[in-house]
Every structure is written in C-alpha cells, then in structure tokens.
Chemist: 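Here it is, the structure, as structure tokens.
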Amino acid sequence: MERTLILIKPDGVSRKLVGNVISRFENKGLKLIAMKLMKVSREKAELHYSVHSLKPFFSGLVSYLISGPIVAMIWEGDNAIISCRNICGSTDGSQASPGSIRGDFSLNIEENIVHASDSQESYIHEYPIFFNNNEIME
Ligand code: CMP
C-alpha cells in the first residue's frame, strides 16, 4: 500500500470542483485517510514548494497557494502516487489529456486545480506540512 498527498488548490475550491475531484479518486478505488479544508501560511507554502525555490515562478506559486482555502488530503492504495498523478493529468492543463482533472478543468500551468506528490520522497516531505500523524486514519 502506498500513500500520496493531494491538494485541491485555491482555484479548484473557488470553482466548486471539490466534490468532482474527490469522486475521481474514490471511483478509482483509492481510500481517503485524511482530509481538511484550510488556509495555508506563507511559511508552509514555501516549505511545500521548497524544491522549486530557485525557479523564477516560485514566488507566484507560493502567492497562489496562499490566496484562498485549499483541501488537503491523503489517499492510500496500490501504486497510489502514479495512479493519482494519472488522474490529475499533465502539469500544464493545456497539455493534459481530456478525462484527467487538469485536462477537463485547466488551461494553463499556474492554475492547475490540484497538486499530487510526485514520488515517495516528496510524499514524506509534504504530508507533515499539512497533517499531524493523529489526523490520519489508520
Ligand atoms: P504542482 O503539481 O503543484 O507542483 C509544482 C507547481 O509548479 C506545479 O503544480 C505548477 O502549478 C507550477 N509550475 C511548474 N512549472 C511552472 C512554470 N514553468 N511556470 C509556472 N508554474 C509552474
């Protein structure tokens, strides 16, 4: 069993896509083991995206993540990381396949509805930024 962190970013929440996004992971057979609606602090957003800290889009990325409420979730299942990334689609919504979340709802790379951990290492770095261990259903 593998776990992955999924964020529904501010554009996904403000566009009322929360139910639609959650359904896709449920329909795939993944198990929801943690979830919260929250505003992210600048400090947490910078830590979450620290791998991008030297990129030119870093400050815009952080400002965007803290611009409104997000939904943070942990999903569990066989090969959960790659399964969820396939459900999300390519990072740039304009390139993402129809049928994926970004392919259906996003036209660009900045406002792309969801974040999904890209590896086990990323998940280990990311999930404690959003959850305490006692908030995860074992
Ligand atoms: P996410 O999956 O949250 O992980 C990092 C984010 O950086 C990514 O989604 C995109 O929203 C964003 N990103 C990646 N590349 C670029 C880019 N070239 N310009 C702006 N944003 C980017």
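Model, not experiment: these values are computed from the prediction. Residues: numbered from 1 along the sequence shown. Counting starts at 1 for both ligands and their atoms, in listed order.
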Chemist: Between ligand 1 and Lys55, can you find any atom pair, the residue atom being a heavy atom, that is separated by under 4.0 Å?
Modeler: no
Chemist: Output the list of atoms in ligand 1 that are nearer than 4.0 Å to some heavy atom of Arg102, sorted by atom number.
Modeler: 2 (O)
Chemist: Using atom types as modelled and distance alone, determine if a side-chain donor or acceptor of Arg102 lies under 3.5 Å from a backbone N or O of Ile113.
Modeler: no
Chemist: Within the 4.0 Å heavy-atom shell around Glu110, which atoms of ligand 1 are there?
Modeler: 11 (O), 20 (C)
Chemist: Apply side-chain contact (heavy atoms from CB on, under 4.5 Å) to the pair Asn112 and Thr91, showing each step before the final yes or no.
Modeler: CA-CA 7 Å; Asn112 61 357; Thr91 307; 3.7 Å; yes
Chemist: Considering only non-hydrogen protein atoms, determine which one is nearest to atom 8 (C) of ligand 1 and report residue, atom name and distance to 0.1 Å.
Modeler: Thr91 CG2, 3.7 Å
Chemist: In the protein, what heavy atom is nearest to atom 1 (P) of ligand 1, and what distance, to one decimal place, separates them?
Modeler: His115 ND1, 3.4 Å
Chemist: What is the closest protein heavy atom to atom 6 (C) of ligand 1, and at what distance does it sit?
Modeler: Leu61 CD1, 3.6 Å
Chemist: Regarding ligand 1, does His52 bring an N or O atom to under 3.5 Å of one of the ligand's N or O atoms?
Modeler: no
Chemist: For Glu126, state whether at least one heavy atom is located under 4.0 Å from any atom of ligand 1.
Modeler: no
Chemist: Please determine, by modelled atom types, if Asp92 and Ser94 share a side-chain donor-acceptor pair under 3.5 angstrom.
Modeler: yes
Chemist: Considering only protein heavy atoms, which is closest to atom 11 (O) of ligand 1, and at what distance to one decimal place?
Modeler: Ile109 O, 2.7 Å
Chemist: Please lay out, stage by stage, how Asp118 and Tyr123 fare under the test side-chain hydrogen bond (donor to acceptor under 3.5 Å, both in side chains).
Modeler: CA-CA 7 Å; Asp118 66 5; Tyr123 170 72; over 6 Å; no
Chemist: Would you call Lys31 and Glu138 a salt bridge, using N to O less than 4.0 angstrom?
Modeler: no
Chemist: Does the side chain of Ser53 come under 3.5 Å of the side chain of Ser50 through a donor N or O and an acceptor N or O?
Modeler: no
Chemist: Among all protein heavy atoms, pick out the one at the shortest distance from atom 17 (C) of ligand 1; state its residue, atom name and that distance to 0.1 Å.
Modeler: Phe57 CD2, 3.4 Å
Chemist: Within ligand 1, which atoms have a heavy atom of Lys9 less than 4.0 Å away?
Modeler: 1 (P), 3 (O), 9 (O), 11 (O)
Chemist: Suppose we measure from atom 3 (O) of ligand 1 to each protein heavy atom; which comes out shortest, and what is that distance?
Modeler: Tyr49 OH, 2.6 Å
Chemist: With a cut-off of 4.0 Å, which atoms of ligand 1 are near a heavy atom of Asn112?
Modeler: 8 (C), 9 (O), 10 (C), 11 (O)
Chemist: Quick one: do Asp104 and Arg24 satisfy salt bridge (charged side-chain N to carboxylate O under 4.0 Å, His left out)? Show the steps, please.
Modeler: CA-CA 12 Å; Asp104 289 350; Arg24 292 169 185 242; 3.0 Å; yes
Chemist: Verify whether the ring centers belonging to His48 and His125 lie closer than 6.0 Å.
Modeler: no
Chemist: Charged N to carboxylate O below 4.0 Å: is that the case for Glu135 and Lys36?
Modeler: yes
